Amino acid sequence: MPSLFDRVCINLQAVDTVRRMGLLKPKMASTALQSAKRWGPTLAAGYAAGVARRGDQAAVIDDEGTLTFRQVHQQSSALANALAERGVGPETPVALLARNSRWFVLAVAALDKLGATVLYMNTGFAGPQLAEVLEREGCDLLLHDDEFSEAVAGYAPDVQRLVCDRAPADGTEDLPALVAAASTTDPPKPERQGRQVILTSGTTGTPKGASRSKESLGAGLAAATAIFQRVPFRTEDVHAVPAPMFHSLGNASLLAAATMSHTLVLARRFEPEHLLAQIEAHRVRVVTVVPVMLQRVLALPTEVTERYDTSSLEVVFCSGSALPGSLATQWMDRFGDNLYNMYGSTEVAVATIANPEDLRAAPGTAGKPLSGVDVRLYDDDDREVTEPDAVGRIFVGSALRFEGYTGGQTKPAIDGLLSSGDLGRFDADGRLFVGGREDDMIVSGGENLFPSEVEDLLSDMEGVREVAVFGVDDDQFGQRLAAFVVPEDGVTLDDRAIKDHVRANLANYKVPRSVWFLDELPRNPTGKVLKRDLRQRFPDA
């Protein structure tokens with residue numbers, strides 16, 4: 001971990017970065033400190049401070065219209081008062097099942113003002129999974145969009161419910177009505193700051209709740225400014241967030257937007273052309289996305305993308321799943337060198353960021369560790385791996401690591417650093433490359449094999465839109481690879497073409513044993529491929 005001298009330098013760099021961004025201007029700094037003292041470094045504090053700086057300017061633009069900073073602050077206070085009357089207080093667990101909209105923002109800010117514990121629910125949950133997580137996390141109150149009413153009523157009938165977006169047909173109370181009827185006076189300062197529980201992606205099993213308290217102001221400031229030193233965010237940016245805000249990436253972007261008085265541009269559902277229209281209409285400078293969103297924008301015909309003026313776009317902040325090097329290059333060739341690739345996880349928080357220069361020099365890299373973040377590789381005997389290009393297990397140490405799963409488990413740790421669950425390597429310039437999950441690596445004929453290497457190769461093959469590769473049992477070699485390929489529209493491919501392309505570029509043992517062609521890959525709402533679904537659908541792969 002960093003020495004005392006290193007920590008002092010890091011904090012001085014953080015203060016200088018905050019100063020250069022304009023967050024230490026007397027009026028802004030004074031209001032921000034007062035808000036943080038009342039509610040901690042939360043969404044509620046960010047919007048309360050934003051009233052002093054941009055009170056009657058747009059804070060949230062969504063499918064329903066525009067809310068100013070003053071309206072967000074007042075309406076979240078009204079909602080907090082209404083929820084307090086229903087028994088919500090410090091550490092009360094409240095589940096939130098909502099798409100990206102003003103009601104997501106208002107609900108989180110209101111719960112911050114009460115010191116409640118917020119459980120962010122995945123909008124892709126089926127009814128049984130929804131009920132399982134609610135019971136496991138002990139939530140007796142659920143705030144949800146009306147579109148989920150039927151699933152909730154059918155699988156969690158005993159949970160108290162409030163509908164976020166509009167009055168439902170079954171008569172359940174809705175948040176707009178509660179806000180309209182309640183006082184906008186700020187609620188009393190909560191006895192304790194709240195917590196947040198973000199669920200892991202669940203790509204390999206049941207999602208686990210990763211608990212994190214509202215971090216101390218110093219830790220949060222140092223971590224945030226480490227990102228700002230690498231990515232050119234500014235105060236008062238216009239910031240579109242199509243990435244789901246129930247997950248780590250979108251949630252962190254929401255907090256950053258509030259802290260820096262950004263105008264937040266939202267939509268309930270991601271549509272690639274609609275995102276381009278938002279960028280043009282609102283002169284969006286920053287977009288937070290997952291890689292599959294870049295892929296879907298690039299899949300639009302050129303005549304469609306050229307219809308929109310995207311010249312305002314300067315920061316495309318991407319994370320959530322692996323970013324193939326070919327996808328990064330294609331994006332920058334089309335939209336300019338504005339792409340920033342972040343690597344981390346719900347558990348370890350932010351680890352590395354690749355800027356456009358990194359992605360041009362070494363496509364596919366996850367970048368370099370942030371200031372104040374310790375990223376190391378260890379072998380199977382827990383010895384540190386230091387040689388360039390040698391593969392090891394990735395471990396991360398930072399101030400924003402999670403506190404453990406709500407079920408009591410945690411991640412493996414070495415020397416105070418937490419496992420990310422991934423394998424990776426550093427090149428000679430200190431850039432991290434992530435090879436995939438530890439449990440994705442297979443041994444084929446005595447050779448270690450990473451499916452991601454074959455995925456990256458095939459994703460850059462002409463005629464291939466997207467691909468997923470993983471290991472399957474093989475009588476001769478122990479394990480081999482199976483590839484699931486989605487061709488470009490109008491393109492016909494066969495398994496021979498896929499295998500020949502791999503054979504021409506990689507070792508023979510990396511050629512997939514079987515190739516399957518699909519119309520699309522199963523993904524969760526954060527864009528990660530659900531390989532377990534493919535295993536279930538294709539047991540003979």
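These numbers were taken from a predicted model, which means no experiment stands behind them. All heavy atoms count here, side chains included; hydrogens, waters and symmetry mates do not.
At least one side-chain heavy atom of Asp489 sits less than 4.5 Å from a side-chain heavy atom of Arg465. Between Phe270 and Asn100, every side-chain heavy-atom pair lies at or beyond the 4.5 Å cut-off.
The backbone N or O of Ala366 lies less than 3.5 Å from a partner atom in the side chain of Thr352, making a donor-acceptor pair. Judged purely by atom type and a 3.5 angstrom limit, Thr329 has no side-chain atom pairing as donor or acceptor with the backbone of Ser326. Put simply, the side chain of Gln229 never gets that close to the backbone of Leu370: no donor and acceptor are under 3.5 Å apart. When atom types are taken as modelled, the side chain of Arg230 and the backbone of Lys368 share a donor-acceptor pair closer than 3.5 angstrom. A donor-acceptor pair under 3.5 Å is formed between the side chain of Asp358 and the backbone N or O of Asn355.
Ion pairing between Asp429 and Arg431 holds under the 4.0 Å rule for side-chain N and carboxylate O. Look at Asp533 and Arg523 and you find no salt bridge, because none of the NZ, NE, NH1 or NH2 atoms lies under 4.0 Å from a carboxylate O. Using a 4.0 Å cut-off between charged side-chain N and carboxylate O, Asp382 and Arg393 make a salt bridge. Taking the charged nitrogens against the carboxylate oxygens, Arg268 and Glu147 have no contact shorter than 4.0 Å, which rules out a salt bridge.
The aromatic rings of Tyr378 and Phe395 lie perpendicular to each other, with more than 60° between the two planes, well past the 30° mark. Below 30°, between 30° and 60°, or above 60°: for Phe470 and Phe484 the angle between ring planes is below 30°, a parallel geometry.
In this structure, Arg296 and Pro272 approach most closely via the heavy-atom pair NH2-CD, 3.6 Å. Residues His282 and Val238 come closest through the heavy atom pair O-CG1, 3.6 Å. Across every non-hydrogen atom of His144 and Ser149, the tightest pair is CE1-OG, 3.2 Å. Scanning all heavy atoms of the two residues, the minimum distance from Ala354 to Thr365 falls at CB-O, 3.7 Å. For Ala468 against Leu534, the heavy-atom pair with the smallest separation is CB-CD1, 4.1 Å. Scanning all heavy atoms of the two residues, the minimum distance from Met245 to Phe104 falls at O-CZ, 3.3 Å.
Annotation: ring pair (Phe, Tyr, Trp, His ring centres under 6.0 Å) contacts of Trp103 (sequence neighbours excluded): none.
For Glu384, the CD atom sits in a packed shell: over 12 heavy atoms of surrounding residues, nucleotides or ligands are nearer than 6.0 Å.
Between the CD atom in Glu64 and the OG atom in Ser101 there is a gap of 6.5 Å [rounded to 0.5 Å]. The distance from the OH atom of Tyr340 to the SG atom of Cys318 is 13.5 Å, given to the nearest 0.5 Å.
Judged by the 6.0 Å distance and 45° axis criteria, Arg425 is positioned over the aromatic ring of Phe433.
Across Thr263, Asn338, Asp237, a single residue satisfies side chain to side chain donor-acceptor pair (under 3.5 Å) together with Arg285, and that is Asp237. For the side-chain contact (heavy atoms from CB on, under 4.5 Å) with Val502, the lone residue among Asn508, Leu458, Leu481 that qualifies is Leu458.
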